[in-house]
Each structure stands twice: as structure tokens, then as C-alpha cells.
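Heads up, the thing below is written out as C-alpha cells.
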Amino acid sequence: MLAEVYLPLPLNQTYTYRFKEGETQFGCRVSVPFGKRKLTGFVVNVKEDQETDFEIKEIIKSVDKTPIFTSELLDTAKWMSKVYIASVGQILSMMIPSGRRESESALFSAEESFTPIKMLSEEQQSALDEINNNPGETFYLYGVTGSGKSEVYLRAAEEVIRQGRKVIYLVPEITLTHQLLSDISLRFSNRVALLHSALTPSQRLKHWHKIINGEADIAIGARSAVFAPFKDVGLIIIDEEHENSYKSGQTPRYHARQVAQKRAVNMHSTLVMGSATPSLEAYLSMKKGAMKRLDLKTKVAGGAEAKVKIVNMLKESRTISKELEEEIRSALHDRAGVILFLNRRGYTNYYHCNSCGHVEECPNCSIALTYHKSSERMVCHYCGYSTPLVSHCSKCGSHDMSVAGFGTERVEEEAGKLFPSARIARLDTDVASGDKEKVKKTIEDFKKGEIDILLGTQMVAKGLNFPRLRLVGVILADSTLSVPDFRSEERTFSLLEQVKGRAGRYRDDGRVVIQTYRVDDNAIKAVRDQKVAEFYENELEIRKSLGFPPFTRLVALTLRSRNEDSVRKASDELYLLLERVISKSGYSDVYVIGKNPCIIYKKASNFRYQILLSGENFIHLNTIVKVSLERYHTPSNIYIEIDVDPLSLL
DNA sequence: AGCACGCCGACT
DNA sequence: GTCGGCGTGCTC
Ligand SMILES: [Zn+2]
Ligand SMILES: [Zn+2]
């Protein structure tokens, strides 16, 4: 018998091997000789012996006795290979666990806990009915924090499982807590598989087998759980749809939302996404009617919309303004919890006007210009536009301009001085990756009221819920606003809105103080004035006029090498090739936005250049990139990374 | 992606 | 004379 095998190499073809009948079958991993090497490949077809014009080698052994992937997953892999421009073998080796033996350790332990039977609100019930009565459709649960989205997801899941079908439940890594797993595990009588990046290969294999052996009804996890090898999925849930962590940071840089959409088509699954702050992509899709919007407007657990105050930092000399100080004092007095939210300082310094807060933008792309110290110029990292460092503000004419932004140390120091008797603790993602126990304790202490002020980054803005929390102070909203990215307004809006949701999660007296130099910014004002629809509509208009997603698609090609001259040369060559291929193709919608040194020019002793392309028609754009890269003979010391629909361009 | 083969420059 | 640089080509 012969087996056609995909290998984990950038070669988009199968290789044929001989095997003894019964030794392996479709869907199994096999160990095979390839040149002088031994590789693990994936059997995607078996056939009778036949004459071939090449020599055929024998399989070393079959890693699996029974299939580890389905034909539907193979179809998804082939689709991904086209969309993300990677070989099928690379896609398969990314989605299928590499473990060879199942882990001995228990999958996870559910702690017995009392979960009261929750009554659904009218809104929740009608959303649930809508989902249950329209299998195979796509829905968006658009609801504020605390509106009870999770309960709707879980009821919909129960219904699908009752019908004998399976469920995939995606949550952002950060919300994948032990508590959530425990709850889900109890609710679905342990017929749950867990898939996320922190599992070891053998643990991953164990959960994967649980699915294949029919011992799980629901797979829960972060991004990679979208590949759960169920044969018949009735429902795919994507909670917090707007989260960037659904996009893979490594090649192949897939987006779990896109993969979910493909698998939902394959298996006629219902797709339910949800968030309080949809991505602009999702918002446009709802607007066009491609997915049905289901609103959840009331908070089921009580709690009212937090009051938002914007503080102009231009008049302040300290990092904690007078107004924020007052609010903190009042909260401390009432023994209510305070979180001070600091964005991780951007990768770039941004130059701003000290009189009006204005940040200079690219005239072509409207993204913040970055300051290059060496050349004393302001540069656009999208299109390459550059201008000498301006001496006066283009908005108000003031000559008082400087580099802005402040670090966490300074805030911590000032908070300590202002509130000497308050107990202050720090919590950020950097700390989280190092010492999990310490983070857990910090959170517990804050919950119990043993910590008064929590100073944190991203982490405290998402996922965590504290009934004690009354005040959130955003130290400087400008730091997300001034990231040189066309999504900076959207990100700022989303972050502030999430922060606001945290403050008003359980209480009626929640407060948010946003400190900024840009008091007129759309995102900030929209959060304060609850002008959500207006914000989205306005942002869509801007994207449309500038030709950015969701009205176009982008592809970023990043070239890197240890040799500075060769990357620069290679990026010039590839750029010219792309231009040639585009003009020959006749696709008038596709163009190269720019070819530039990356914002992070040197990373891990590699020099980096980026070529950014845009196209209205994705097939056109994809074809241009694929053809150009096939035609381009990449020098051996250069590595090219392809990012389709990039979310971050650093 | 690796790994071999192969063809020219500068070294014991 | 050989050691080693990396361009080219192949792997069932
Ligand atoms: Zn100004
Ligand atoms: Zn530009």
C-alpha cells in the first residue's frame, strides 16, 4: 500500500511512502525518511501499489494507530494554506499535537461548588431563542460587561449537546481561569476538553484524544482550541471577539475567528461571537447583515454604568492629577478598591505639543509619526513619509513641543508619596509570566481589601472582576492613542470601555478617571458620553476614506537578516518584484503601501524591513503575494515572514 | 527547511 | 595543494 504524506516543511506537496496494510491509515502521523533525515508527516491518502517514476521509501513506523485528525480538519488546513500562504504540512504540524504519549497527569480537577440555577432575563431568553431557532447562522451577542453573555453561550451549548452535536468555546487566554474551567467542567459533567498554549505536548495529546474518542462534548480554550478535532460541531462560541490574542503571533499567523468561520461553514455550525466592544470588522459585518446582532443592554447582576471624567493633563505637573487624587482619597476613605491603569509604555517615543496635546500624524495614513533620534526626523512607518522635526505645533502653533509619556516607576513613587498609609501593589503581565502564585495572592488580597490600590497594565483591565472596585484611574490614555497604528483609536476605545465595565461591574457608584493630553479625542469622548454607535460610524468613515480595513485587506511581509546590507537589498528587490507583478496582473485594487525599516528595526540581532500591501479584493492581494514570493529567490540568509491581515506592525 | 554537491578564493 | 565560503538543487 502507498501513503501520501504531508511533511512539516515549506513544501506544498505530498510525498509517497510504502507501508504494510494495516500499519497506518488516513489521519495518522507517520515517521518517515526524507533525504538523510527522519520526519513526522501526516497521512492524507492511502492507495494501492502502483508504478511511479520516482523511488518509493518505506514508512519507518506509524505514530498513531487510529486517526488523529479528520478530513474536515485537513480541508481547513488546505484552506488555511491558501489564505495564510504557508504549506499544508506546516499548518498541520501547527494544529495537531506533537506529543507521542499521553500525559499521565489528570486532565484537571473540578472543585465542587454551589452554582445557583440562574433565571434568564427577557433579553437573554430572546437572544437564546434566536440562536436555537436558527442553526447554522452567525450571531453577535453585543452586550455590556455583566449583561450575562456567558449564560446565553452555555444554554446554547447545552441545547446543541442535547441534539448530539459538539461545541467549541473560545475564550481569551487571560480569562481562561481555573474558576471558569471548574464551572464548565461541572456543568458539562466532565465531558470537557481543554486546549491552550500552556499545555505540554503530551497533555495536549491527552485532551485531543478525549475529543477524538468521543469523551468530550465541549472543547474550551484559547486560540488553538479552534482546531478541536470534533467531527460534528453544532456551535462555535468566540467570547470577547475583539481580543487580539485570537491572532497567532507566529507563522502561520492565523486568526481564530477566520478559522472558526471556515469550520462553521464546513460543519454547518452555528457561530456565536460576543463582546461589549466589537472589532470594526465585526461591527461592519453586523451592519451589512452578514451576522445577526443580538443586544444585551441590561446588567443582570445589577450595577450601573460607571461615571467617566476626563482630566486634561496639560495643566498638571504630576502623573496623578488633582482630580484623580481627590477621587482616590474619597475611595480610600470609603474603603473601596482603586485600580490605577497604566498602559505598557509604547515601543516608540512620540512627540507632542505641550500646549494642546496634538501628536503629528502622517498626511497619507493619519497614523502617529514616530520620532527618529538619529536623523532628527518624524517618520511614517506605513508609507515612509518623513519630515524634519517640526518646531511648532501644526494645530495651535505653539513652539513648546517635547517627547511625552511616563513610566510605571514614577506613578508608583508618586502614589506612595500622596497616599503614604495606603497599601499599594503592582500587577502586570510581566510579573504574571514569572510568578503565578504571587499574582494570585495579589488578586486575592485586593479582593479581601488587604490591598487598597492596585497598579497594573492590560491584565487588570481584562477578565478580572472585583466587587470592591469603585474607581479606575487611567493614568495616560495617550499611550495607546499614540501607537503608530491605524487601529489606535479602536484599541483605545475598546480598552477604556472595558475598563469602564470593570468599574461598574457590581456597583452603582463606579467611577473612571481618564487622564490625557488629548481631551478632544473621539475614542475618549465616546466612552465618557456613551456615544458608542457614533464612534463606530465615525471610525468606519475614516477607515473608508483612508483605505484601511475593514474596507480593504492588508498583508505585511517582514524580511529579517543578521546582515543589514542584505536585508535592505532584499527588501528593495522584493519591493520592485511586487510592483512588477502588480502592474502585470492588471489588478487595480492592489498596491504596495510602503517599504520601510520596521518600527523595531533590530530585534534579536536581526535587522528588519517591512513591506505593507493593500487590496480591496482578497483573492487579488493573496495571488500577488503568492506569485511574487514564488518568483523571488530568497537569499539563504534572509527570512521572510508573511502576515495576512496583520494586527500589529512592529 | 536541511543537507549535499560543486565551484572559486586565501590559507597551513 | 586543501579548507571553506555559500549559490543551486533535491528530498517520495
Ligand atoms: Zn498644539
Ligand atoms: Zn504614511
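Labels below follow one simple rule: chain letters A, B, ... track the order of the sequence lines, proteins then strands, and each chain is numbered from 1.
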Euclidean distance, atom NE2 of residue His633(A) to atom P of dC10(C) [Å, nearest integer]: 13 Å
Length of the CD1-C1' vector between Ile638(A) and dG7(C), whole Å: 14 Å
Those residues of residues 11-42 of chain A lying under 4.0 Å from DNA chain B by at least one heavy atom: Leu11(A), Arg37(A)
Residues forming a salt bridge (Lys or Arg N to Asp or Glu O under 4.0 Å) with Arg18(A), sequence neighbours excluded: Asp49(A)
Polar side-chain atom of Arg165(A) near backbone of Val233(A) as donor-acceptor pair, under 3.5 Å: yes
Distance in angstrom units between Asn637(A) CG and dA1(B) P, rounded: 12 Å
Partners meeting salt bridge (Lys or Arg N to Asp or Glu O under 4.0 Å) with Glu173(A) (sequence neighbours left out): none
Atom of Glu58(A), atom of Lys20(A) and distance for their closest heavy-atom approach: OE2-NZ, 3.7 Å
Nearest-angstrom distance from the residue atom CD1 of Ile642(A) to P of dA1(B): 10 Å
Those residues of residues 46-61 of chain A lying under 4.0 Å from DNA chain C by at least one heavy atom: Phe54(A), Glu55(A), Ile56(A), Lys57(A)
Integer-rounded Å distance: dG2(B) P and Gln90(A) CD: 10 Å
Ile56(A) atom CD1, neighbour heavy-atom count above 12 within 6.0 Å: yes
Electrostatic pair Arg191(A):Glu215(A) at N-O distance under 4.0 angstrom: no
Test salt bridge (Lys or Arg N to Asp or Glu O under 4.0 Å) applied to Arg491(A) - qualifying residues, sequence neighbours left out: Asp485(A)
With sequence neighbours excluded, residues passing salt bridge (Lys or Arg N to Asp or Glu O under 4.0 Å) with Lys584(A): none
